[in-house]
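So the structure is just underneath, and the comments pick up after that.
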Amino acid sequence: ATGISKSGRYVLISSYATNLVADDTNGLEDVFLKDTKTGAVTLVSRTRPGAPTEACYSNDQAISVDKTARYLLFICANTAPSDTSSIYRYDRKKDTTELVSLDANGAQIVGNHNRGAISGNGRFVAFYSSTAVVPEDTNDDYDTYLRDLKRDKTTLLITGLGRALPDEGSLLRSMSTDARYFSYISVSTNLDALGGNGSIYEAYRFDRKKRKNVRISIGLAGALANDASNWPILSSDGSHVTFNSEASNLTSDADNNLV
């Protein structure tokens with residue numbers, strides 16, 4: 001499962017199966033919504049009415065938390081433009097699909113977007129991109145952006161000390177329901193006062209209201225983690241986070257040299 005509604009009734013899944021619905025004819029991975037109450041399965045990943053798209057998939061924060069699971073997020077590997085994956089939001093109430101991965105000028109972004117997260121009300125979508133989406137993005141690396149679908153605006157989301165551009169980019173992992181907090185990983189050295197060594201991925205939480213990063217993968221006595229961390233996933237309110245790590249100095253009993 002790649003997403004579950006707040007009530008638990010609706011489940012979003014990605015599958016290569018061709019017999020879940022009658023009109024899945026592309027022979028590729030697609031995204032489906034399962035209604036566990038009625039048993040109905042619906043093909044979600046359509047970028048044009050009535051037609052399955054290219055290969056599509058979803059992830060764990062791709063469903064809005066309202067009772068009806070109105071908004072669904074999915075990612076498709078496009079054939080045009082080539083070497084581009086695009087993020088879409090599907091509105092179940094209106095039966096419409098909207099391209100989300102747009103730059104600051106509202107144009108489709110040519111590049112890879114391998115992960116997205118949607119806010120509880122469906123208004124905000126966060127994603128990371130291999131392409132510079134806004135003029136101030138000059139680090140030639142993956143960065144994380146926020147698309148406001150109400151204001152039709154895309155902005156650079158993750159910034160470092162003094163609101164500087166992260167010197168080594170960032171990779172989104174999750175967001176809180178209210179779109180205030182975001183978790184991500186980065187090897188950047190200018191995100192907080194601790195800096196970093198520029199080669200080990202560290203886990204962080206970004207507060208959009210205060211424009212502040214909090215390092216999650218921090219070692220004993222405030223030391224830098226001695227190995228990489230990944231997949232920080234926030235609770236719905238952003239107050240708690242789970243993550244995995246290869247570091248051996250995060251707790252006193254982490255000495256097995258495993259993740």
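Owing to the predicted nature of the structure, the values given are computational and were not obtained by experimental measurement.
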Is T177 reaching over with its side chain to a backbone N or O of G120, donor-acceptor style, under 3.5 angstrom?
no
Side chains of R211 and T159 only: does a donor on one sit below 3.5 Å from an acceptor on the other?
yes
How many angstroms lie between atom OG of S170 and atom CG of N139, to the nearest 0.5 angstrom?
8.5 Å
Quick one, T96 and Y90 - any side-chain contact, counting heavy atoms below 4.5 Å?
no
Give the cluster check for V125 versus V133: same hydrophobic cluster or not, with ILVMFWY residues linked at side-chain heavy-atom distances below 4.5 Å.
yes
Common cluster, V187/L172, ILVMFWY with side-chain heavy-atom separation under 4.5 Å
yes
State, yes or no, whether a side-chain contact exists between T144 and F182 at a heavy-atom distance under 4.5 Å.
no
For the backbone of G198 and the side chain of T189, can you confirm whether one donor and one acceptor N or O come within less than 3.5 Å of each other?
no
Any chance you could measure L165, atom CG, to D143, atom CG, to the nearest 0.5 Å?
5.5 Å
Side-chain donor-acceptor pair under 3.5 Å between D30 and Y57, yes or no?
no
If you measure from CG on D152 to CG on L102, what distance do you get to the nearest 0.5 Å?
7.5 Å
Return yes if some donor-acceptor pair links the side-chain N/O of S176 with the main-chain N/O of D237 below 3.5 Å, else return no.
no
Are Y128 and L149 co-members of a hydrophobic cluster defined by side-chain heavy atoms under 4.5 Å apart?
no
At their closest point, which heavy atom of L250 faces which heavy atom of L220, and how far apart are they?
O-CD2, 3.7 Å
Once rounded to the nearest 0.5 Å, what's the spacing between atom CD1 of I63 and atom OH of Y71?
13.5 Å
Nearest heavy atoms of D137 and A132, plus distance in Å:
O-CB, 3.4 Å
In Å, rounded to the nearest 0.5 Å, how long is the span from OH of Y10 to CD1 of I4?
14.5 Å
Any donor-acceptor N/O pair, S86 side chain to C76 backbone, under 3.5 Å:
no
pair R123-D148: side-chain heavy atoms closer than 4.5 Å
yes
Please answer whether the main-chain N or O of G122 pairs with a side-chain N or O of S64 as donor and acceptor at a distance below 3.5 Å.
no
Shortest non-hydrogen contact from S235 toward S239:
OG-N, 3.3 Å
Side chains of I109 and Y145 in contact at under 4.5 Å (non-hydrogen atoms)
no
Shortest non-hydrogen separation from P232 to I185 and the atoms involved:
CD-CG2, 3.7 Å
Indicate yes or no for a side-chain donor-acceptor contact from R205 to the backbone of G238 under 3.5 Å, with no hydrogens or angles considered.
yes
Distance-only donor-acceptor check, side chains D227 and S248, under 3.5 Å:
no
Does S229 use its side chain to pair, donor to acceptor, with the backbone of E202 at less than 3.5 Å?
no
A104 to V134 - nearest heavy-atom pair and separation:
CB-CG1, 3.9 Å
Of the options I87, T97, V100, which is the one that meets F74 in a side chain to side chain contact (heavy atoms under 4.5 Å, CB included)?
T97
Group every Ile, Leu, Val, Met, Phe, Trp and Tyr by side-chain heavy-atom contacts under 4.5 Å, then state whether L146 and F206 land in the same group.
yes
Any R215 side-chain heavy atom under 4.5 Å of L194 side chain:
yes
Is a donor on one side and an acceptor on the other found under 3.5 Å between the side chain of D141 and the backbone of D167?
no
CA sep, side-chain torsions, deciding dist, call: V241, Y181, side chain to side chain contact (heavy atoms under 4.5 Å, CB included)
CA-CA 11 Å; V241 60; Y181 299 105; over 6 Å; no
To the nearest 0.5 Å, what is the distance between NZ on K212 and CG on L161?
10.5 Å
Applying side chain to side chain contact (heavy atoms under 4.5 Å, CB included) to K34 and T36, what does each step give before you reach the verdict?
CA-CA 6 Å; K34 172 79 171 185; T36 61; 4.2 Å; yes
Side chains of T154 and R147 only: does a donor on one sit below 3.5 Å from an acceptor on the other?
yes
N213 side chain vs D192 backbone, donor-acceptor pair below 3.5 Å
no
Sub-4.5 Å side-chain heavy-atom contact between R115 and L73:
no
Using a 4.5 Å cut-off on heavy atoms from C-beta on, say whether the side chain of R92 contacts that of L72.
yes
R173 backbone acceptor or donor facing S183 side chain under 3.5 Å:
no
Let me see the working for K93 and T68 under side chain to side chain contact (heavy atoms under 4.5 Å, CB included), right down to the final yes or no.
CA-CA 9 Å; K93 183 177 181 180; T68 62; over 6 Å; no
Of all the heavy-atom pairs spanning I75 and S85, show the shortest one and how long it is.
CG2-CB, 4.1 Å
Is there a side-chain contact between L234 and M175 in this structure, where contact means two heavy atoms from C-beta onward sitting under 4.5 Å apart?
no
If Ile, Leu, Val, Met, Phe, Trp and Tyr residues are connected whenever their side-chain heavy atoms lie under 4.5 Å apart, and connections chain through other members, are L43 and V41 in the same group?
yes
